[in-house]
Each structure stands twice: as structure tokens, then as C-alpha cells.
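Worth knowing before you read on, the calculation uses all heavy atoms, side chains too, and leaves out hydrogens, waters and symmetry mates. Numbers here simply count residues along the sequence, with the first being 1.
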Amino acid sequence: MAVLIVSLSTTVALALDPSEMLDDPVQEAQARELDHAMRCVVCQSESVASSNAQWAIDTRRVIREQVAAGKTNDEIIDFFVERYGEFVLMNPRPSGSNWLLWAAGPLMFLTALGVGIGYVRARSKAPQPIQTGLSEDEAKRLREILDE
């Protein structure tokens with residue numbers, strides 16, 4: 001178990017090579033923020049910050065080059081979205097066709113809530129079955145069965 005923990009922590013630690021880091025701590029913080037905002041298109045479930053794929057290494061290098069050139073986060077993100085689409089973002093923007101995806105969850109919840117409320121109201125207004133006692137013939141037959 002200890003070997004597994006050490007190997008996993010080493011993998012994450014090796015994702016960013018010290019030679020890739022920028023000298024300016026403010027720029028490096030900006031670059032790391034962008035590293036976490038970008039998805040590795042090779043790994044698909046990891047951010048660029050935690051991936052060791054060659055594409056992620058190249059992406060971290062490009063991010064640092066653009067940060068050093070003075071570009072803003074939005075400009076750098078737009079650069080990658082233009083080339084790879086919204087998929088490259090760990091949290092896609094709620095715009096364009098993505099609005100449907102962002103709105104689908106709340107809309108489904110509201111629809112289910114409406115259906116549930118409608119069902120409960122309909123059940124409360126439904127006529128209740130009349131509870132009557134046994135008829136004379138049924139009571140006589142029951143006594144016969146119980147007496148046997």
C-alpha cells in the first residue's frame with residue numbers, strides 16, 4: 001500500500017518539470033491556474049497539470065510561453081479552444097450549444113418536481129374507495145369457514 005501511495009504521489013509530482021517553471025512567481029501562478037483549467041486531450045480525464053502525456057508537456061510549455069509574452073488567461077484559453085474546441089476545457093463555458101448541457105440538469109429537476117407535484121395532487125383528489133362491511137351472505141359464509 002505504501003508503494004502505491006509513493007508511486008502515485010511521484011507521478012503527480014513529476015507532471016511539472018522544474019525546468020518548465022517560470023522565474024516570475026506571479027506568472028508561474030497564472031500558468032499553473034491555466035494548467036488546471038485545461039484538459040489533456042490524450043488522457044481526457046486529467047488536467048494538463050497532472051498529466052505526463054507528451055501533449056500535456058507541450059501544452060504546459062505553450063502556456064508558459066504565452067504567459068511570459070504577457071497574454072491574459074482569456075487569450076490563452078481562446079488560443080486552445082480555437083484549435084481543440086471546448087473539449088480542451090475542464091469546465092466548458094456556458095455559451096453557444098453548451099447552454100443546453102448546462103440547462104439540462106436544472107430543467108430535468110424542475111420537470112421531475114412538476115410531475116411529482118402533479119401526481120401527489122391527483123392522488124389526493126382521486127375518489128377514495130368506499131369501505132363497506134361484509135354483506136349478509138359474505139358474513140354467513142365467513143362464519144361457516146371459521147366454524148369448520
Close side-chain approach of Arg64 and Arg32, heavy atoms under 4.5 Å: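 Side chain of Arg64 against side chain of Arg32, heavy atoms only: contact under 4.5 Å found.
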Cluster companions of Leu142 among Ile, Leu, Val, Met, Phe, Trp, Tyr (side-chain spacing under 4.5 Å):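 Members besides Leu142, by chain and number: Leu134, Leu146.
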Please report the interatomic distance [atom1]([X]) to [atom2]([Y]), rounded to the nearest 0.5 Å.
X: Thr59; Y: Ile76; atom1: OG1; atom2: CD1; answer: 12.0 Å
X: Leu34; Y: Ile77; atom1: CG; atom2: CD1; answer: 5.5 Å
X: Thr72; Y: Gln30; atom1: OG1; atom2: CD; answer: 7.5 Å

Within one Ile-Leu-Val-Met-Phe-Trp-Tyr cluster: Val81 and Val67, side-chain cutoff 4.5 Å: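 Both belong to a single hydrophobic cluster.
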Single-linkage hydrophobic cluster Met38~Met90, side-chain heavy atoms < 4.5 angstrom: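 No; tracing contacts between hydrophobic side chains, which count when under 4.5 Å, never links both residues.
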Specify the closest pair of heavy atoms between [X] and [Y], including all atoms of both residues, with the distance to one decimal.
X: Gln128; Y: Arg123; value: NE2-O, 4.2 Å
X: Val48; Y: Arg60; value: O-NH1, 2.6 Å
X: Ile57; Y: Asn52; value: CD1-O, 3.6 Å

Pairing residues for Phe79 by the ring-ring contact (aromatic ring centres under 6.0 Å, His included) criterion, not counting sequence neighbours: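 Checked Phe79 against ring-ring contact (aromatic ring centres under 6.0 Å, His included); zero matches.
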Residue pairs fulfilling salt bridge (Lys or Arg N to Asp or Glu O under 4.0 Å) with at least one residue in residues 65-76, sequence neighbours excluded: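 Non-adjacent pairs meeting salt bridge (Lys or Arg N to Asp or Glu O under 4.0 Å): Arg61-Glu65.
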Salt bridge (Lys or Arg N to Asp or Glu O under 4.0 Å) partners of residues 136-145, not counting sequence neighbours, each pair once: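 Pairs touching residues 136-145 that pass the test: Arg141-Glu144.
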Pairs touching residues 23-61 that satisfy ring pair (Phe, Tyr, Trp, His ring centres under 6.0 Å), sequence neighbours left out: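 Found Trp55-Tyr84.
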May I have the list of side-chain donor-acceptor pairs in residues 105-121 shorter than 3.5 Å, sequence neighbours left out?
from: Thr111; atom 1: OG1; to: Leu107; atom 2: O; distance (Å): 2.8

Side-chain donor or acceptor of Arg39 paired with backbone N/O of Leu89 under 3.5 Å: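 Checked: pair present.
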